[in-house]
Every structure is written in C-alpha cells, then in structure tokens.
Participant: 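Below is the structure I would like to discuss, written out as structure tokens.
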Amino acid sequence: MNIHEYQSKELFKEFGVAVPNGSVAKSPSEFEQAINSISGDTIVVKSQIHAGGRGKGTFADGFKGGVKLVPRAEAADTAAKMLGNTLITKQTGPSGRKVGAVYFTEANSIKHEYYLSILMDRASGKAAIVASTAGGMDIEKVAEETPEQIAKVLVDPDIGLQAFQIRKLAFFFGFGDKELQKQFKAVLGGLYKLFWTKDCSMVEVNPLILTEDGKIMALDAKVSFDDNALFRHPEIQALRDPAEEDPKEIEASRFGLNYIALDGNIACMVNGAGLAMSTMDIIKYFGGNPANFLDVGGGANEEAITQAFKILLQDEHVKGILVNIFGGIMRCDVIAAGVIAAVKNVGLKLPLVVRLEGTNVEIGRKMLADSGIKLTTADSLADAAEKIVKIVAEENK
C-alpha cells in the first residue's frame with residue numbers, strides 16, 4: 001500500500017526525521033489557511049499523487065509541472081491549476097492521475113542533494129540501506145551510469161542498525177562535522193525505526209538535502225507498506241486513498257483475492273502466486289497478453305470465484321478468460337462448482353478455457369463437461385495458454 005507525500009512526512013516527523021514545514025489542501029477553500037501556515041516569500045506547491053516524476057510531468061490541459069516553486073502571491077492560483085486536474089508523468093502512463101490534494105511547503109536554500117532509502121534485500125533476508133550522493137535523480141540511472149555514487153549497507157534485523165553503519169554512511173555523504181553526524185543519526189535512525197515499526201516495504205527520501213544553513217532534512221518522502229501486515233496497523237490503513245487505486249483491486253481485496261490489473265486482453269484466474277506468474281509467462285510465450293494477475297488462493301469458495309469472474313469482466317479490454325487451477329489444498333471439484341455457478345450468475349459470453357489438475361480432478365472435469373456451459377478444457381498449462389491465445393486471436397480478427 002502506498003500513501004501520499006504529505007502523509008509520509010507526518011510519519012517522518014513522528015519518528016524524529018526533519019522535514020520542511022508543510023500543509024495540505026483538498027479544496028480551494030483550504031488554500032488560504034494552508035498557505036498562511038507557511039513562512040517565507042516563496043512557496044513550493046506540490047501535486048499529491050501516487051507516482052514519481054511529478055516535477056517533470058504535464059497536466060492534461062497542458063499546464064507544465066506538478067511541483068512548482070512560486071512567489072507566495074501566486075501559490076493559490078498555481079494550486080488551483082493542479083487540483084482536480086490530471087497529471088501525466090513517466091510513472092502514471094498516458095492516462096495520468098487526478099490530483100485530489102495539493103501540498104504547500106516552505107522553500108529551502110539547498111547546498112547539496114542526496115538519495116536515501118531502506119527496503120528489504122530478499123537475497124540476504126536483511127534490510128538494505130541504499131544511499132547516493134546523486135540525489136534528485138532516478139536511482140536506476142545513477143546505478144547504471146555512475147555506480148560509484150551509490151553505497152549499500154545491509155542491516156541484520158536481529159541486531160538492528162549499528163552506530164558504525166550510521167558513521168559509514170555519514171562519511172560517504174561527506175558529513176564529517178559532528179553536528180551533521182548528529183543530525184544524520186537522527187534521520188537515519190528515525191527512518192529505520194519507521195521501516196520496522198510500521199512494516200514498511202520501502203522508505204525513500206529523494207532528495208535528502210543539506211541546506212545552506214547546515215540542516216539535514218527530507219525534502220521529499222515516499223513510503224509503501226507490506227499489505228500482508230496491514231492488519232497490525234489500522235492507523236496506516238486509515239491513510240489509504242481509494243482514488244489512487246484500481247477499483248477492481250479494492251473490490252478483490254474484500255473477498256481475499258489478490259488482483260493486479262495489467263494491459264492485456266486475456267484474463268487469468270489462478271490459485272497460487274507462482275502459478276499465476278507462470279501462467280502469464282506462457283500466455284506471452286504463445287503470443288498473447290495477460291490482462292491481470294489474479295490469485296484466488298487456496299481457500300476460495302463459490303462466492304469468491306463468482307466475485308473473481310465479476311472483477312475480471314469489469315475490464316473492458318478482456319476478450320477471453322483462462323482458468324488454471326492446481327488442486328492441492330483447493331479441490332478441483334470445488335473450483336469446478338464455483339466456475340459453473342459463476343458463469344451462470346454473470347452470464348459469461350466471452351471465450352473460457354479451463355485447465356484443472358490435482359485433487360478430485362476427474363470429478364471436477366466431469367462436472368464441467370455435464371454443466372452445459374460453453375467452455376474449452378485443456379490438459380496442460382501450455383495447452384490451455386495456446387488455446388486461449390488462438391481463440392481470442394480468431395475472434396478478434
């Protein structure tokens with residue numbers, strides 16, 4: 001789960017990480033109060049969407065830049081051009097994201113910009129702190145072109161962040177002064193505590209800045225959370241912005257379904273994340289394009305499967321559906337019953353290919369054969385993928 005910059009900065013402040021003063025506004029009536037809470041003759045006006053590259057983005061009406069440094073007198077007018085407008089960046093895709101909030105912050109005189117993030121390193125099972133002296137840039141580009149500007153420190157979760165690791169990164173950034181080291185310790189220590197305390201999947205500051213008057217602070221903030229741990233954090237769940245998420249994904253989560261929309265036209269319903277990834281790969285291998293990732297899990301019942309079909313059919317780009325189930329915990333006869341009921345309930349008219357294997361597979365196949373619903377069965381994953389790709393291609397010539 002992602003949250004907005006202004007929400008991330010509130011968490012930063014809670015954990016002792018210095019950030020510029022700021023105030024959010026969600027309607028024009030809130031602009032004046034928000035602007036008045038910020039000192040200085042210059043105000044930074046920042047569109048709030050769950051995507052990077054805002055500063056270089058373009059709005060649907062041609063207005064340039066989702067982050068603007070403007071004189072105080074122009075802050076309200078600039079915010080009015082952003083709020084409710086659709087911002088298109090390299091991360092949003094051509095459809096862009098509608099701006100539902102604008103964040104006003106104080107301007108800072110920047111001496112240097114840095115990059116700092118914490119995320120899990122799956123290979124080692126440790127937290128990875130990634131730092132770069134080239135802040136404000138895409139970290140991927142820095143890693144590719146100037147890898148010497150990046151430092152990586154692995155932190156054992158059983159031991160925690162150690163003083164020598166903080167010093168190592170402080171000297172990497174060039175913070176030799178004791179006061180700067182003290183500030184950096186507070187920043188990195190706070191970020192690390194936030195990362196573990198709130199079950200984050202990533203905490204990112206880009207840029208982390210050193211101001212001309214010697215202050216270290218997070219100029220931007222991005223925090224994402226492990227969805228599987230949200231049950232422990234109702235205060236984090238309350239920060240969710242449904243307007244920033246695909247309605248189909250929200251609906252799927254209500255029924256315990258793991259759904260992610262893609263840009264293809266062949267919908268997939270699979271049990272197990274690994275099998276779902278394999279199914280999408282093989283659809284691509286045979287020349288098709290998957291429309292989604294959908295894992296119904298090991299305990300899906302008839303209601304969940306029916307809802308899964310309804311969610312798949314909400315995507316107007318879907319031209320065919322592939323159901324690929326390996327019955328281990330999930331029995332094939334239960335899946336068959338769910339598929340039959342779902343197809344009848346939703347009145348499915350699209351091509352449907354079903355591949356079942358595993359526990360009670362013969363019973364499940366017989367149920368499908370005797371159901372009277374129009375579908376194509378398959379004997380293997382490759383067979384199923386090849387069939388659905390061929391059927392969809394023929395019907396959409």
Side-chain angles (χ1 to χ4, degrees), residues 227-228 231 248-262 264 266-283 285-286 288 290-315 318 320-392:
D227 290 343
N228 296 312
F231 72 94
K248 299 188 292 296
E249 295 181 16
I250 298 173
E251 182 71 9
S253 66
R254 292 181 54 233
F255 293 92
L257 305 170
N258 296 308
Y259 174 90
I260 299 173
L262 301 174
I266 297 176
C268 312
M269 184 191 303
V270 186
N271 66 326
L275 186 59
M277 297 296 288
S278 298
T279 301
M280 293 189 293
D281 284 345
I282 295 180
I283 287 173
Y285 176 79
F286 284 106
N292 64 273
F293 169 101
L294 175 57
D295 173 15
V296 299
N301 54 26
E302 182 177 310
E303 180 187 17
I305 295 171
T306 299
Q307 290 301 323
F309 268 98
K310 289 181 178 179
I311 291 167
L312 294 178
L313 293 176
Q314 289 177 29
D315 187 344
V318 169
I321 300 174
L322 170 58
V323 176
N324 179 32
I325 300 295
F326 180 82
I329 298 173
M330 173 65 72
R331 303 196 323 264
C332 291
D333 56 319
V334 174
I335 287 291
V339 169
I340 293 166
V343 170
K344 290 181 177 179
N345 287 338
V346 302
L348 182 66
K349 297 180 181 179
L350 295 176
L352 173 64
V353 174
V354 180
R355 179 254 181 169
L356 298 178
E357 194 59 72
T359 306
N360 291 352
V361 64
E362 295 302 330
I363 298 174
R365 289 174 179 172
K366 187 175 187 306
M367 290 172 65
L368 292 174
D370 297 341
S371 66
I373 63 175
K374 184 180 179 181
L375 58 83
T376 301
T377 58
D379 297 325
S380 68
L381 174 52
D383 182 39
E386 187 173 17
K387 283 179 176 177
I388 190 64
V389 170
K390 183 177 180 180
I391 293 170
V392 168

Participant: Between L368 and L356, is any pair of side-chain heavy atoms under 4.5 Å apart?
Facilitator: yes
Participant: Could you state the interatomic distance from SG (C332) to NZ (K366), rounded to the nearest 0.5 Å?
Facilitator: 15.5 Å
Participant: Of all heavy-atom pairs between A291 and G264, which one has the smallest distance, and what is that distance?
Facilitator: CB-O, 3.4 Å
Participant: Only one of L275, N258, V296 clears side chain to side chain contact (heavy atoms under 4.5 Å, CB included) with V270; which?
Facilitator: L275
Participant: If I take atom OG1 from residue T306 and atom CD1 from residue I340, how far apart are they, to the nearest 0.5 angstrom?
Facilitator: 11.5 Å
Participant: Measure the spacing between CG of L257 and CZ of F293 and express it to the nearest 0.5 Å.
Facilitator: 11.0 Å
Participant: Check whether any side-chain N or O of K390 sits under 3.5 Å from a backbone N or O of F286 as a donor-acceptor pair, and report yes or no.
Facilitator: no
Participant: List for me each residue that meets side chain to side chain donor-acceptor pair (under 3.5 Å) alongside D333, sequence neighbours excluded, and say none if there are none.
Facilitator: R331, N360
Participant: Quick one: list whatever passes side chain to side chain donor-acceptor pair (under 3.5 Å) with D227, sequence neighbours left out.
Facilitator: none
Participant: Taking atom CD1 of I283 and atom CD1 of I266, what is their separation to the nearest 0.5 Å?
Facilitator: 5.0 Å
Participant: Indicate the atoms forming the closest heavy-atom contact of C268 with P290, along with that distance.
Facilitator: SG-CB, 4.2 Å
Participant: At what distance, to the nearest 0.5 angstrom, does NZ of K374 lie from OG1 of T376?
Facilitator: 8.0 Å
Participant: Can you tell me how far the CD1 atom of I373 sits from the CE atom of M367, to the nearest 0.5 Å?
Facilitator: 10.0 Å
Participant: Walk me through it: do R365 and T377 pass the test side-chain contact (heavy atoms from CB on, under 4.5 Å)?
Facilitator: CA-CA 8 Å; R365 289 174 179 172; T377 58; over 6 Å; no
Participant: Closest heavy-atom contact between V353 and A378?
Facilitator: CG1-CB, 4.2 Å
Participant: Please step through side-chain contact (heavy atoms from CB on, under 4.5 Å) for the pair M269 and I305, ending with a clear verdict.
Facilitator: CA-CA 9 Å; M269 184 191 303; I305 295 171; 4.1 Å; yes
Participant: Any heavy-atom pair between the side chains of L375 and V343 that's under 4.5 Å?
Facilitator: no
Participant: Does N292 use its side chain to pair, donor to acceptor, with the backbone of L262 at less than 3.5 Å?
Facilitator: no
Participant: Can you see which heavy atom on I391 is nearest to which on P351, and at what distance?
Facilitator: CG2-CB, 3.5 Å
Participant: Between N324 and A276, is there a donor-acceptor pair closer than 3.5 Å when you use the side chain of the first and the backbone of the second?
Facilitator: no
Participant: What are the two closest heavy atoms between G364 and A336, and how far apart are they?
Facilitator: O-CB, 3.5 Å
Participant: Do L352 and F309 have side chains that get closer than 4.5 Å, going by heavy atoms?
Facilitator: yes
Participant: What's the shortest heavy-atom distance between L294 and A308, and which atoms?
Facilitator: CD2-CB, 3.8 Å
Participant: Can you confirm whether D383 sits close enough to R355 that some side-chain heavy atom of one is under 4.5 Å from a side-chain heavy atom of the other?
Facilitator: no
Participant: List for me each residue that meets side chain to side chain donor-acceptor pair (under 3.5 Å) alongside K248, sequence neighbours excluded, and say none if there are none.
Facilitator: D246
Participant: Under 4.5 Å between any side-chain heavy atoms of I335 and V354, yes or no?
Facilitator: no
